[in-house]
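Both ligands and their constituent atoms are indexed starting at 1 by order of listing.
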Amino acid sequence: MACLARQALPLRCLVCEEPGADGRDLCLACHAALPWNDHACPLCALPLPAHEPAERCGSCLHEPPRQSAAAAVFLYAAPVDQLLIRFKFHQDLAAGRLLSQLMLQRVPTFVAGPLAPVPLHWRRLRSRGYDQALELTRPLARALRQPLWRGLQRDRLTAAQSRLDADARRDNLRDAFAVTAPPPARLTVVDDVMTTGATLDAVVHAVQRAGLPDVALWVCARVP
Ligand SMILES: [Zn+2]
Ligand SMILES: [Zn+2]
């Protein structure tokens with residue numbers, strides 16, 4: 001019944017409230033203004049200056065990250081930042097659905113195999129009621145006909161990363177993740193936002209310790 005009711009609702013732009021278009025809750029004008037991150041480092045997804053080739057950035061040349069590839073569909077900028085906040089902190093699942101639809105417009109070539117959402121600690125899941133990375137990943141896996149891999153677990157309830165600096169973020173996340181099943185032969189880890197990359201680095205480290213060297217990252221938005 002709830003599903004039928006949703007289908008019957010007209011599409012409405014979640015940004016400006018004009019009618020939506022192309023099967024999305026987003027109007028054409030807001031779609032045209034999205035902050036796509038199409039020119040970025042293939043290892044850490046940081047945007048590159050337009051005049052530079054799309055090759056690894058200086059920091060990845062100097063010290064390659066653990067992951068074998070990374071792609072962020074958007075820069076963390078308006079209106080994607082507000083959609084992510086509404087999705088993550090204000091129970092706006094329609095915003096999450098829209099972000100998944102938009103991620104499917106930029107599927108990285110490395111996505112060929114299971115997708116794994118960055119897990120939420122059960123206690124935070126209980127207080128929030130839903131797991132935003134899982135809500136984002138499930139429609140991606142379905143649309144790409146790839147399995148969802150749920151072999152990652154968050155063992156420690158970590159302090160909110162947003163309040164910590166880069167070193168404190170890394171310490172905060174040490175051994176925060178565990179792998180509870182043998183990893184598949186290929187894996188793409190999915191998350192909503194990549195800021196310093198410390199959370200995703202901890203996830204990749206856990207998967208690599210479990211025996212899978214090549215792990216790729218696919219996120220909705222990158223904080224430059
Ligand atoms: Zn709009
Ligand atoms: Zn880089």
Pair Arg12 + Asp25, salt bridge at N-O below 4.0 Å: no
Shortest non-hydrogen contact between Thr137 and Leu148, atoms and distance: CG2-CD1, 3.4 Å
Cys27 SG and Cys16 SG subtending at the Zn ion (ligand 1) (10° steps): 110°
Vertex the Zn ion (ligand 1), rays to SG in Cys30 and SG in Cys13 - rounded to 10°: 110°
CZ (Arg106) with more than 12 external heavy atoms under 6.0 Å: yes
Metal-centred angle, SG of Cys41 through the Zn ion (ligand 2) to SG of Cys57, rounded to 10 degrees: 120°
Residue pair Val203, Leu152: steps toward the side chain to side chain contact (heavy atoms under 4.5 Å, CB included) verdict: CA-CA 8 Å; Val203 171; Leu152 277 165; 3.7 Å; yes
